[in-house]
Amino acid sequence: MAANTVTPAFPAPAGPAAPPGADAPAEAAPKLGLPLPVLHATVLDWYAANARDLPWRTPDASPWAVMVSEFMLQQTPVKRVLPVWETWMERWPTPADLAAEAPGEAVRMWGRLGYPRRALRLHGAAVAITEKHGGEVPEDHATLLSLPGVGEYTAAAVASFAFGQRHVVLDTNVRRVFARAVTGAEYPAQATTAAERRTATALLPAADRTAATWAVAVMELGALVCTARGPECGDCPLFTSCAWQRAGRPPYEGPARRGQTYEGTDRQVRGKLLAVLREAHDEVPQARLDAVWPDAVQRARALDGLVADGLVEPVEQGVYRLPR
DNA sequence: GATTCGTGGCC
DNA sequence: TGGCCAAGAAT
């Protein structure tokens, strides 16, 4: 694991030196048996030593750069996001730059990241930021939430990581870390529960900047150590206090977690159709789309869906292109 | 609350 | 090999 060479955007105050009670109530974290300041220092120290050197975490990363990364990282691994993010930031360094382009260009440059509606929504967010917010990414959580493609998680993440605010940031990594360390379960429930929000709220450091770094630190712990499969518990700073570890790492017992089938689905057909549109730099005749999938009924349904979503634009009878 | 929505890599 | 998973949002 590479040592972190990034200066944290919002460095935490020296954790171990923080006087008890200055940071948060001195009560022990539920089921962790650690005073909150100790828990915070433990995770923050681990983060300082182990965080990945990601470009959207550098001190000079703009709020827009953070927002673009958060859109791309929705359901998509960091490794695949990195090169596309670099391309986007070079081409569209500000929201206004993206807003000035056709939405289809965003879809094209999205490449094979998947879930291309995110590209359309990010373009929509850029337009809204440009037209309604003076070209600056809003700092306010509620205003962020009003942007297309920005939900509970992304609003909290941008407010926290780009602006150093204190928010509960609950993503799949954080949920898994808390499920294990606090609740003693291998995996969290399928949907976020009120209990999870209470736990996350109770553990959040009191100071804004510390809370912001805590959020990214817990996420990083989930991404690098407390992983879904094959967690590296021997490398975990919470090894001795983790409720799941102390319980003997009992296997998941809840309802079967829904698998994501893909072969033969409309999603696969949509993907194939859109790939043709992306690679063509102009209009595409029907015949080229027909070639990607044998079932005409499913093909037509997929294409209709893409048009309905605004990802594809009919030009004339039997001719399509990315939206302008 | 359950579904839909891409793509690729890994154990 | 193939099921499972990856910084979710919208409906």
Side-chain angles (χ1 to χ4, degrees), chain A residues 47 51-52 54-57 61 65-85 107 110-122 124-125 144-162 167-177 186-194 200 212 215-224 226-232 252 255-278 292-293 301-302 304-306 308-312:
Chain A
Y47 181 71
R52 286 168 293 180
L54 301 175
W56 46 83
R57 285 185 186 158
V66 173
M67 174 173 273
V68 171
S69 79
E70 289 302 337
F71 269 76
M72 292 182 172
L73 288 164
Q74 292 168 3
Q75 300 283 282
T76 306
V78 166
K79 181 174 182 179
R80 284 173 46 211
V81 164
L82 278 167
V84 182
W85 182 88
V107 174
W110 196 252
R112 306 188 65 81
L113 280 185
Y115 292 149
R117 290 189 294 192
R118 292 181 293 166
L120 225 43
R121 291 171 183 155
L122 183 47
L144 286 164
L145 254 187
S146 74
L147 298 172
V150 177
E152 191 66 39
Y153 161 78
T154 301
V158 172
S160 186
F161 306 153
H167 292 280
V168 168
V169 180
L170 266 186
D171 80 320
T172 187
N173 292 302
V174 175
R175 294 186 63 219
R176 189 175 52 250
V177 170
E186 185 178 18
Y187 296 114
Q190 289 195 192
T192 305
T193 64
V216 72
V218 177
M219 283 177 62
E220 192 76 339
L221 185 60
L224 298 184
C226 192
T227 51
R229 288 171 298 186
E232 308 275 359
Y252 176 77
R257 290 179 295 159
R258 181 171 40 93
Q260 317 172 31
T261 57
Y262 184 63
E263 279 301 313
T265 61
D266 286 4
R267 286 156 80 175
Q268 184 181 23
V269 184
R270 287 167 56 108
K272 286 180 176 297
L273 291 171
L274 203 56
V276 172
L277 275 295
R278 272 198 314 264
V292 306
W293 196 256
R301 185 171 66 232
D304 285 349
L306 289 170
D309 288 346
L311 284 163
V312 173

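Quick note on labels: first sequence line is chain A, next is B, and so on, each numbered from 1.
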> Would you call Trp56(A) and Met72(A) a side-chain contact if the rule is heavy atoms closer than 4.5 Å?
Replying inline: no

>> Could you work out, with side chain to side chain contact (heavy atoms under 4.5 Å, CB included) as the rule, every residue matching Val168(A), not counting sequence neighbours?
In response: Leu170(A), Ala200(A), Thr201(A), Leu204(A)

>> Taking the C1' atom in each of dG1(B) and dA9(C), what is the distance between them to the nearest angstrom?
In response: 15 Å

>> Suppose we screen for salt bridge (charged side-chain N to carboxylate O under 4.0 Å, His left out). Which residues come up paired with Arg278(A), at least two apart in sequence or across chains?
In response: none

>> Could you work out, with side-chain hydrogen bond (donor to acceptor under 3.5 Å, both in side chains) as the rule, every residue matching Tyr187(A), not counting sequence neighbours?
In response: none

>> Students often get this wrong, so: under 4.0 angstrom with heavy atoms, is Arg278(A) touching a base, only sugar-phosphate, or nothing?
In response: sugar-phosphate

> With sequence neighbours left out, what residues match Arg176(A) under salt bridge (charged side-chain N to carboxylate O under 4.0 Å, His left out)?
Replying inline: none

>> So, using side-chain hydrogen bond (donor to acceptor under 3.5 Å, both in side chains) as the criterion, who are the partners of Glu220(A) when residues are at least two apart?
In response: Arg52(A), Arg57(A)

> In chain order, what residues pass the side-chain hydrogen bond (donor to acceptor under 3.5 Å, both in side chains) check against Thr154(A), with sequence neighbours excluded?
Replying inline: Gln74(A)

> At under 4.0 Å between heavy atoms, what does Tyr262(A) touch on the DNA or RNA strands: base, sugar-phosphate, or nothing?
Replying inline: base

> Between which nucleotides of DNA chain B, read 5' to 3', does contact with chain A run, using atoms under 4.0 Å from its heavy atoms?
Replying inline: dT3(B) to dG9(B)

>> Under the rule for salt bridge (charged side-chain N to carboxylate O under 4.0 Å, His left out), what residues qualify as partners of Arg80(A), not counting sequence neighbours?
In response: none

>> According to ring pair (Phe, Tyr, Trp, His ring centres under 6.0 Å), who are the partners of Trp293(A), at least two apart in sequence or on a separate chain?
In response: none

>> Rounded to the nearest 0.5 Å, what separates atom CG in Leu274(A) from atom NZ in Lys272(A)?
In response: 13.0 Å

>> Using a heavy-atom cut-off of 4.0 Å across all strands, would you classify Leu113(A) as base, sugar-phosphate, or nothing?
In response: base

> For the pair made of CG in Leu170(A) and P in dA7(C), what is the distance, rounded to whole Å?
Replying inline: 14 Å

Output one line per pair: protein atom, nucleotide atom from nucleotides 9-11 of chain C, and distance, for all N/O pairs under 3.5 Å.
residue	atom	partner	partner atom	Å
dA9(C)	OP1	Gly151(A)	N	2.9
dA9(C)	OP1	Thr154(A)	N	2.9
dA9(C)	OP1	Thr154(A)	OG1	2.6
dA9(C)	OP2	Tyr153(A)	N	3.4
dA10(C)	OP1	Gly149(A)	N	2.6

> Counting any heavy atom closer than 4.0 Å, what does Trp110(A) reach on the DNA or RNA strands: base, sugar-phosphate only, or nothing?
Replying inline: nothing

Could you list, one pair per line, each protein nitrogen or oxygen that sits under 3.5 Å from a nitrogen or oxygen of nucleotides 3-6 of chain C, together with the distance?
residue	atom	partner	partner atom	Å
dG3(C)	N2	Arg229(A)	NH1	3.3
dC4(C)	O2	Arg229(A)	NH1	3.1
dC4(C)	O2	Arg229(A)	NH2	3.3
dC5(C)	OP1	Arg257(A)	NH1	2.9
dC5(C)	OP1	Arg257(A)	NH2	2.4
dA6(C)	OP1	Arg176(A)	NH1	2.6
dA6(C)	N6	Gln260(A)	OE1	2.8
dA6(C)	N6	Gln260(A)	NE2	3.3

>> Arg112(A): which residues meet the salt bridge (charged side-chain N to carboxylate O under 4.0 Å, His left out) condition with it, sequence neighbours left out?
In response: none

>> Does Arg112(A) reach a base, just sugar-phosphate, or nothing at all? Heavy atoms under 4.0 Å.
In response: sugar-phosphate

> Which sits closer to the 5' end of DNA chain B, Thr192(A) or Leu274(A), going by the nucleotide each is nearest to?
Replying inline: Thr192(A)

> Hey, which of these two, Gln190(A) or Arg270(A), hits DNA chain B nearer its 5' end, going by closest nucleotide?
Replying inline: Gln190(A)

> Taking atom P in both dA7(C) and dT3(B), what distance in whole Å separates the two?
Replying inline: 23 Å

